[in-house]
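Numbered from 1 within each chain, the chains take letters A, B, ... in sequence-line order. We use all heavy atoms of the structure for the numbers below, so side chains are in, but hydrogens, waters and symmetry mates are not.
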2 protein chains.
Amino acid sequence: MPSISKENYIKAVYSLCQNDAHSVSTSALATKLNITNAATSDMAKGLSKQGFIKYEKYKGVSLTPKGEKTAIEIIRKHRLWELFLMKSLELGWEEVHSEAEHLEHQTTEFLMNKIDDFLGNPKFDPHGEPIPQKDGTIPNMEAQISLNKSQVGKEYLVKRVNDESKEVMDYFTEIGLNLNSKIKIKNFLKYDNSTIIELNDNVHSFSEKIGKRIFISQLNE
Amino acid sequence: MPSISKENYIKAVYSLCQNDAHSVSTSALATKLNITNAATSDMAKGLSKQGFIKYEKYKGVSLTPKGEKTAIEIIRKHRLWELFLMKSLELGWEEVHSEAEHLEHQTTEFLMNKIDDFLGNPKFDPHGEPIPQKDGTIPNMEAQISLNKSQVGKEYLVKRVNDESKEVMDYFTEIGLNLNSKIKIKNFLKYDNSTIIELNDNVHSFSEKIGKRIFISQLNE
DNA sequence: TTGTAAAGTTAAGCATACTTAAACTTGAAT
DNA sequence: ATTCAAGTTTAAGTATGCTTAACTTTACAA
Ligand SMILES: [Mn+2]
Ligand SMILES: [Mn+2]
Ligand SMILES: [Mn+2]
Ligand SMILES: [Mn+2]
């Protein structure tokens with residue numbers, strides 16, 4: 001039962017440990033959480049004392065099993081809320097993330113399980129992210145690569161997108177890029193590592209930064 | 001955009017001013033909010049400086065127009081959440097209050113209006129309380145009296161109940177007392193001011209304290 | 001009118017979650 | 001090995017939202 005700040009901290013440790021190694025620097029956390037380095041170090045002590053994280057000075061932070069369980073519970077709430085808001089209120093996939101970011105901290109297990117059952121115990125959220133199940137297990141995603149790692153000339157299906165920027169999600173919606181959209185890789189620009197694709201007979205380009213946040217799987221002919 | 005503590009304070013001022021006069025004592029607030037007198041006085045200074053309440057030492061607290069607007073917005077969120085959870089997830093009327101108590105502080109105007117529209121802009125919540133509308137107006141309730149003020153021998157319809165105690169709401173559910181249940185007043189016990197009623201061919205009694213929290217209207221024959 | 005109990009406020013202190021500024025590690029280049 | 005910049009931590013301070021303990025005001029009964 002950590003505070004909202006602590007829940008967000010734990011969630012940040014979890015997601016930053018996904019990509020990189022098995023630990024995060026305090027400064028990476030500071031950037032993600034939009035607080036100072038000093039605050040991040042400070043917080044690390046508290047969470048460490050409470051057994052949520054492992055923290056050695058100058059060595060970064062990682063989650064204990066207790067911390068990981070907590071992170072997964074919060075992420076479950078986040079993703080179920082997103083799906084629920086879309087299914088029950090017809091919000092757009094670009095609108096649900098910011099609402100879920102708040103609701104995730106104010107939802108009882110009881111309510112969450114009601115929502116889970118209402119949705120039929122779904123495995124994926126509206127952005128293609130797996131929804132941690134009641135028992136804590138996380139559904140497997142089929143093999144995916146980021147747009148940057150794709151091959152020119154091949155066709156792919158969009159399987160997952162990072163939803164953190166509403167601005168970017170709005171743009172996806174505007175150009176008609178959705179989950180399971182079919183895209184064809186036209187080219188990579190050496191100049192800035194952007195990717196040129198074809199989508200619904202239109203040509204679009206994505207910066208390297210955005211390309212890293214679109215995940216695709218190869219279309220089997 | 002007050003904090004959660006401040007929102008709860010403002011809401012408490014609003015609801016305690018409804019019954020009594022046009023101001024509340026700091027100690028009444030302390031009881032309601034389950035914090036000390038000292039904290040309540042302290043908080044009053046802050047909210048007063050921010051223009052939500054009028055506060056004169058030793059004279060109690062009342063809402064300014066700005067404070068009242070804020071209170072009504074929170075109450076709107078609370079009651080819409082309650083209805084929404086019942087309608088969309090089939091929670092019981094005894095289960096929704098405590099969930100709404102938290103969700104009310106984490107809901108954007110945007111989401112609230114979506115929920116309001118989904119529900120068809122309802123006028124009353126599951127316990128018979130009026131739901132403040134988008135424009136801030138509060139629907140009128142038809143004339144009601146509390147169970148204590150009823151007349152022996154007459155028949156009434158249950159029109160509104162106070163939902164603050166889950167324990168009591170569970171009991172209502174158990175005996176089949178709902179909104180629009182028909183009851184007949186059998187007797188008042190002088191001994192403890194409890195009320196004896198007939199409901200669905202069964203006889204029940206309610207303490208004075210509970211009787212004050214059940215609101216009824218006379219059944220016109 | 002005054003004494004006193006109850007009601008209410010102020011003072012001092014604590015925990016949380018932050019800030020800025022200063023001090024310290026670390027590691028990689030010389 | 002030495003240096004030094006980047007990364008990280010500590011120290012000191014602030015605002016919020018509480019607590020307990022001491023003090024002040026009020027009301028009203030004698
Ligand atoms: Mn999300
Ligand atoms: Mn969050
Ligand atoms: Mn309620
Ligand atoms: Mn509340």
Query raised in the report: Does the cation-pi check pass for B:Lys66 over B:Phe52, that is, NZ or CZ under 6.0 Å from the six-membered ring centre and within 45° of its axis?
Result: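 The answer is yes; both the distance and angle limits are met.
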Query raised in the report: Where the side chain of A:Tyr58 is concerned, which of D:dT25, C:dT25, C:dC18 is the nearest nucleotide?
Result: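 Closest nucleotide to the A:Tyr58 side chain: C:dT25.
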Requested in this report: Looking only at side-chain atoms of A:Met43, point me to the closest of D:dT9, C:dC18, D:dT8.
Outcome: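 The listed nucleotide nearest to A:Met43's side chain is C:dC18.
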Applying a 4.0 Å non-hydrogen cut-off, can you work out what [X] is touching in the nucleic acid: base, sugar-phosphate, or nothing?
X: B:Thr36; answer: base
X: A:Lys6; answer: sugar-phosphate
X: B:Thr26; answer: sugar-phosphate
X: B:Tyr9; answer: nothing
X: A:Lys45; answer: sugar-phosphate

Whole angstrom value for the distance that separates [atom2] of [N] from [atom1] of [X]:
X: B:Phe52; N: D:dT16; atom1: CZ; atom2: P; answer: 13 Å
X: A:Lys49; N: C:dA17; atom1: NZ; atom2: P; answer: 12 Å
X: A:Leu29; N: C:dC18; atom1: CG; atom2: P; answer: 13 Å
X: A:Lys57; N: D:dT10; atom1: NZ; atom2: C1'; answer: 8 Å
X: B:Leu47; N: D:dT16; atom1: CG; atom2: P; answer: 11 Å
X: B:Asn34; N: D:dC18; atom1: CG; atom2: P; answer: 10 Å
X: A:Asn37; N: D:dT10; atom1: CG; atom2: P; answer: 12 Å
X: A:Ile4; N: C:dA17; atom1: CD1; atom2: P; answer: 10 Å

Query - Phosphate OP1/OP2 of C:dT25 contacted by A:Lys59 side-chain N/O (<4.0 Å) - result: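 False: A:Lys59 side-chain N/O out of range (4.0 Å or more) of C:dT25 OP1/OP2.
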Report task. Report yes if a side-chain nitrogen or oxygen of B:Ser41 is closer than 4.0 Å to either non-bridging phosphate oxygen (OP1 or OP2) of C:dT10; otherwise report no. Result ->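 Answer is no, no contact under 4.0 Å.
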Query raised in the report: Do NZ/NE/NH1/NH2 and the carboxylate oxygens of A:Lys32 and A:Glu164 come within less than 4.0 Å?
Result: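 Salt bridge present between A:Lys32 and A:Glu164.
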**Report entry** Closest-nucleotide ordering on DNA chain C, the 5'-leading residue of A:Thr40 and A:Gln50
**Finding:**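 Here A:Gln50 is the residue nearer the 5' end.
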Report task. Would you mind telling me which residue lines up with the more 5' stretch of DNA chain C, A:Ser3 or B:Ala38, judged by nearest nucleotide? Result ->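 Counting from the 5' end, the first nearest nucleotide belongs to B:Ala38.
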Requested in this report: Please work out whether the ring planes of B:Phe172 and B:Trp93 are parallel, tilted or perpendicular, with thresholds of 30° and 60°.
Outcome: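 Tilted.
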Query raised in the report: Are B:His127 and B:His97 near enough that their ring centres are under 6.0 Å apart?
Result: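 No, too far apart.
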Report task. May I ask you to decide if A:Ile131's main-chain N or O and A:Gln133's side chain share a donor-acceptor pair within less than 3.5 Å? Result ->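 Indeed, once roles are kept as given, a pair shorter than 3.5 Å links the two residues.
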